[in-house]
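If you're wondering where the values come from, they're calculated on a predicted model, not measured in any experiment.
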Amino acid sequence: MDEMFRLVYPLTVEDNLIYQEKIFLSNKNPSIVDSIRRWTRLSFLLLVILYPLLVFVLTSSLKWTAAIAVLAVIIFVLLWMNAAKIYWKRYRSKAKKDMIKIYFEGDALGVVPIEAIFFDEEVTIASEARTKTIRKSDIDLTEITTDYILFYTIKYDGSLIPLAELTEAERQQVINWFD
């Protein structure tokens with residue numbers, strides 16, 4: 001396979017958080033979807049079942065219990081509608097700490113140099129930590145903005161390419177490869 005072009009660009013902690021957030025909120029990764037479902041079920045159990053039951057045991061008042069149950073259902077529906085966003089906000093700080101410790105050697109302002117080698121039907125993304133080759137046919141989700149290109153595969157792998165670090169010619173080559 002002949003190499004079409006090659007890019008070298010830096011990835012920061014914030015770039016990686018953008019990538020993780022997009023993947024998290026896309027609802028494509030089964031382990032993330034399962035985690036959100038477990039969290040939602042726990043919220044339902046606590047808010048809609050246990051809290052009104054506790055109010056009834058403490059007050060022995062059906063009026064108060066019914067009022068609390070209605071309020072709990074309303075709160076639960078709001079949580080359920082925004083479950084992925086709320087769960088991401090809880091998860092983000094842990095993800096950032098882990099990422100800084102593992103990939104950036106404790107330096108929150110550090111960068112990881114990435115080399116992307118584009119071929120006709122695949123791209124190889126290489127860093128010091130790992131190398132991955134992704135076939136074009138496996139790419140399931142691509143988001144192209146003015147700041148970055150995010151791509152994600154059916155095997156829950158992918159990457160983010162920040163476009164601000166590239167020349168105009170490189171930027172156009174990358175965009176054309178993904179289109």
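In this structure the side chain of L25 reaches within 4.5 angstrom of the side chain of K85, judged on heavy atoms. Within the 4.5 Å cutoff, the side chain of T40 has heavy atoms near those of the F76 side chain. Using a 4.5 Å heavy-atom cutoff, the side chains of S93 and K96 are not in contact. Put simply, the side chain of I114 does not reach to within 4.5 Å of the side chain of I161, judged on heavy atoms. Taking 4.5 Å as the limit, some side-chain heavy atom of Y51 sits within range of a side-chain heavy atom of I68. At least one side-chain heavy atom of F151 sits less than 4.5 Å from a side-chain heavy atom of I125. L160 is listed as a side-chain neighbour of I18, based on a closest heavy-atom distance under 4.5 Å. Under the 4.5 Å side-chain criterion, counting only non-hydrogen atoms from C-beta, I86 is not in contact with W88.
Residues L11 and P162 approach most closely at CD2-CD, 3.7 Å, considering heavy atoms. Here the shortest heavy-atom pairing between P52 and A69 reads CG-CA, 3.8 Å. Of all non-hydrogen atoms in P10 and D15, the two that sit nearest each other are O-OD2, 3.9 Å. Closest approach of S159 to Y9, counting heavy atoms only: OG-OH, 4.2 Å. Closest heavy-atom contact between R171 and L163: NH2-O, 3.0 Å. In this structure, S61 and T65 approach most closely via the heavy-atom pair O-OG1, 2.7 Å.
Classification of the F24-Y91 ring pair by plane angle, with boundaries at 30° and 60°, yields parallel.
A salt bridge links R6 with E115: the closest approach of a Lys/Arg side-chain nitrogen to an acidic carboxylate oxygen falls below 4.0 angstrom. With respect to the salt-bridge test (charged N to carboxylate O, under 4.0 angstrom), the residues E14 and R92 qualify.
W64 and L71 fall into different hydrophobic clusters, where Ile, Leu, Val, Met, Phe, Trp and Tyr are joined by side-chain heavy atoms under 4.5 Å apart, directly or via other members. V111 and M99 fall into different hydrophobic clusters, defined by Ile, Leu, Val, Met, Phe, Trp and Tyr side-chain heavy atoms under 4.5 Å apart, directly or through other members. Criterion: ILVMFWY side-chain heavy atoms under 4.5 Å apart, direct or through other members. Under it, L109 and V112 are not part of a common hydrophobic cluster.
Taking NZ of K97 as the reference point, atom NZ of K101 lies at 10.0 Å (rounded to 0.5 Å). Summarising the geometry, atom CD belonging to E121 is positioned 11.0 Å from atom CG belonging to D138; distances are rounded to the nearest 0.5 Å. The NZ atom of K22 sits 13.0 Å away from atom CG of L17, with the distance rounded to the nearest 0.5 Å. Rounding to the nearest 0.5 Å gives a distance of 13.0 Å between CG of D147 and CD1 of I144. The distance from atom CG of L166 to atom CD1 of I149, rounded to the nearest 0.5 Å, is 8.0 Å. Distance check, rounded to the nearest 0.5 Å: CE of M4 to CG of D120 gives 5.5 Å.
For the residue pair D34 / S31, no side-chain donor-acceptor distance below 3.5 Å is found, with atom types taken as modelled. Looking only at atom types and distance, the side chain of Y148 has a donor-acceptor partner in the side chain of E143 under 3.5 Å away.
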Notebook entry, point to check: Is there a side chain to side chain contact (heavy atoms under 4.5 Å, CB included) between F5 and V174 once you walk through the steps?
Noted result: CA-CA 9 Å; F5 60 97; V174 172; 3.8 Å; yes

Next item on the list: Could you walk me through whether N16 and Q20 pass the side-chain hydrogen bond (donor to acceptor under 3.5 Å, both in side chains) test, one step at a time?
Entry: CA-CA 6 Å; N16 280 303; Q20 284 194 355; over 6 Å; no

Margin query: Evaluate F44 against W80 for side chain to side chain contact (heavy atoms under 4.5 Å, CB included), listing each step before the verdict.
Written below: CA-CA 9 Å; F44 178 81; W80 180 68; over 6 Å; no

Notebook entry, point to check: I100 and D107: side chain to side chain contact (heavy atoms under 4.5 Å, CB included), yes or no, with the steps?
Noted result: CA-CA 6 Å; I100 290 169; D107 183 9; 5.9 Å; no

Note to self: Working note: L54 + L58, criterion side chain to side chain contact (heavy atoms under 4.5 Å, CB included); need CA distance, chi angles, decisive distance, verdict.
What the structure shows: CA-CA 6 Å; L54 178 67; L58 293 176; 4.0 Å; yes

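Judged by distance alone, the side chain of E170 and the main-chain N or O of T167 form a donor-acceptor pair under 3.5 Å. Of the possible polar contacts, one joining the K136 side chain to the W177 backbone as a donor-acceptor pair under 3.5 Å is found.
More than 12 heavy atoms of other residues, nucleotides or ligands shown are found within 6.0 angstrom of CZ on F118. The 12-atom threshold is exceeded at CZ of F178, counting heavy atoms of other residues, nucleotides or ligands nearer than 6.0 Å.
With sequence neighbours left out, the side-chain hydrogen bond (donor to acceptor under 3.5 Å, both in side chains) criterion links K132 to D157.
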